[in-house]
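Everything on this sheet refers to the single structure shown next.
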2 protein chains.
Amino acid sequence: MAFVQNKPIGRPRGFDADEALDRAVLVFWAQGYEGASLDDLTGAMGITRTSMYRAFGNKDELFRKALTRYTEGPASYVGGALTQPTAREVATAFLAGAVGTGTEPGTPGGCLGVQGSLAAGESGRGARDLLAAWREEGVAHLRDRFRRAVDEGDLPAGSDPGLLARYLMTVANGIAVQAAGGATRDDLQQVAAMALLTWPPAARGR
Amino acid sequence: MAFVQNKPIGRPRGFDADEALDRAVLVFWAQGYEGASLDDLTGAMGITRTSMYRAFGNKDELFRKALTRYTEGPASYVGGALTQPTAREVATAFLAGAVGTGTEPGTPGGCLGVQGSLAAGESGRGARDLLAAWREEGVAHLRDRFRRAVDEGDLPAGSDPGLLARYLMTVANGIAVQAAGGATRDDLQQVAAMALLTWPPAARGR
DNA sequence: TTAATTCGGTACCGATCGGTGCCGAACCAG
DNA sequence: CTGGTTCGGCACCGATCGGTACCGAATTAA
């Protein structure tokens, strides 16, 4: 959009871009990148193809923006978990969030970052790689947080922050697959609790 | 195919159907149901569209047969794990198999049963539901095996076979997602080992 | 040989894919 | 008002989708 003195010129947009993006998130979440056609997307967003292209660029960019919106919305539990005071609470909140968002009524089961695109043909490679990087970024954030926990004595000195991070992400991804397949929230909460039984005790009795 | 006195009549097939199916498995595994086009499939199988339709029916049936072949081939570790003498060995073999097959060089990373179709548009619903059922079947087999383990005193009397089964499948699915994203075999072996730390001790000191 | 059957290749089907050209409508600055 | 800009709707693009009609080639039974 072009601006003159911080004010947009030309005909104003006839729809709320954020609201439309939220609808797109749900479609990508439920049907994956390749499985979501432009007709599916624009139909759910309530706008025409032309409006979508003007506002979001193309399907790839729409997916990127949808993933960002998903990260700030349904997947905000990740950022929330990272701010917990202890490593154990980080881990507990992370898995609880994965179960909660993955089995939230009214939204697709599972996680957009997993089922959005795991395997894809030529046209979906970009989305697939984007999501793989997204998951790795999550692992990196957890790992950094657990490094700090080791430094603070919140985790035993011998702990492997990278392993703990990948372990949690692996369980969370498995929870997403299970949720996409229809596993119940109760079942997955029990699974999450079981996965946390191995969590190392606090080093300094915290 | 029509037969007369146990012998096929008409022109004989010019390719090995099992070999072609193996190639199709690799394509579905790497690209998913919707991401694998008929040109991709027949190109890899080395046959024409017509031959594929004649030998396998259509894309859906080809996928079904590919899944069966995958179950008997790369995923045969599941059946192998179920025959282990103790519940702990079942669990260990199951996760080791998930890591091994998911990170086997020369084959796509991850698991066909997971990435073949987690989320899909209209045309991929059949494949998605088929795979969800396939995974649930795996859970059921594990659960039955662990029920027996409880009966045999191989697991503590208070154990929940259903929870143990879903826990293992969840971790295995997470391993598949991680492998599809490029996680290394070493990393995932450590994750699998960590997941097994929670495994209940044998009830009668086995 | 003749009849019956299946195989495999070509060429095609209608439908859908992601993406775009065009043009009137709606807004701004002057 | 005029000129400039963006928006949104329609119609359309070439490419690809899964699937098939047709026909000669290859085989068996008789």
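Chain identifiers are assigned alphabetically (A, B, ...) following the order of the sequence lines, protein sequences preceding nucleic acid strands; residue numbering begins at 1 within each chain.
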Heavy atoms from other residues, nucleotides or ligands near CZ of A:R69 exceed 12 (cutoff 6.0 Å): yes
Can a side chain N or O of A:R13 be found less than 4.0 Å away from OP1 or OP2 on D:dC7? yes
Is there a donor in the side chain of B:S37 and an acceptor in the side chain of B:D40, or the other way round, less than 3.5 Å apart? yes
Backbone N/O of A:A98 and side chain of A:T101: donor-acceptor pair under 3.5 Å: no
Whole-Å distance, A:E122 CD to D:dC17 P, equals 10 Å
Rounded interatomic separation in angstrom, taking CZ from A:F56 and P from D:dT6: 17 Å
Across the strands shown, which category fits A:Y53 at heavy-atom distances under 4.0 angstrom: base, sugar-phosphate, nothing? base
Euclidean distance, atom CG of residue A:N58 to atom C1' of C:dT20 [Å, nearest integer]: 12 Å
Any luck finding a side-chain donor-acceptor pair between A:T48 and A:S51 under 3.5 Å? yes
Heavy atoms within less than 4.0 Å of DNA chain D: which residues of residues 18-29 of chain B have one? Give them sorted by number. none
Is a donor on one side and an acceptor on the other found under 3.5 Å between the side chain of A:R135 and the backbone of A:G113? yes
Using the 3.5 Å cut-off, write out each protein N or O paired with an N or O of nucleotides 10-16 of chain C and the distance between them.
unit_1 : atom_1 : unit_2 : atom_2 : d
C:dT10 : O4     : B:T50  : OG1    : 2.9

Output the rounded distance in Å from CZ (B:F15) to P (C:dC7). 8 Å
So which heavy atom on B:T103 is nearest to which on B:A183, and how close? CG2-O, 4.1 Å
B:L112 to B:L131 - nearest heavy-atom pair and separation: O-CD1, 3.4 Å
Rounded to the nearest Å, what distance is computed from the CG atom of residue A:L41 to the P atom of nucleotide C:dC17? 10 Å
Atom-pair distance (CG on A:L38; P on D:dC10), nearest Å: 16 Å
What's the CD1-C1' distance between A:I47 and D:dC10, to the nearest Å? 16 Å
Rounding to an integer number of Å, can you tell me how far A:D60 CG sits from C:dG18 C1'? 10 Å
Starting at the 5' end of DNA chain C and moving along, which residue's nearest nucleotide shows up first, A:Y33 or A:R54? A:Y33
Can we call the ring centroids of B:F146 and B:W199 under 6.0 Å apart? yes
Identify, with sequence neighbours excluded, every residue that meets ring pair (Phe, Tyr, Trp, His ring centres under 6.0 Å) alongside B:F94. none
Heavy-atom donor-acceptor pair, A:R11 side-chain to C:dC27 base, under 3.5 Å: no
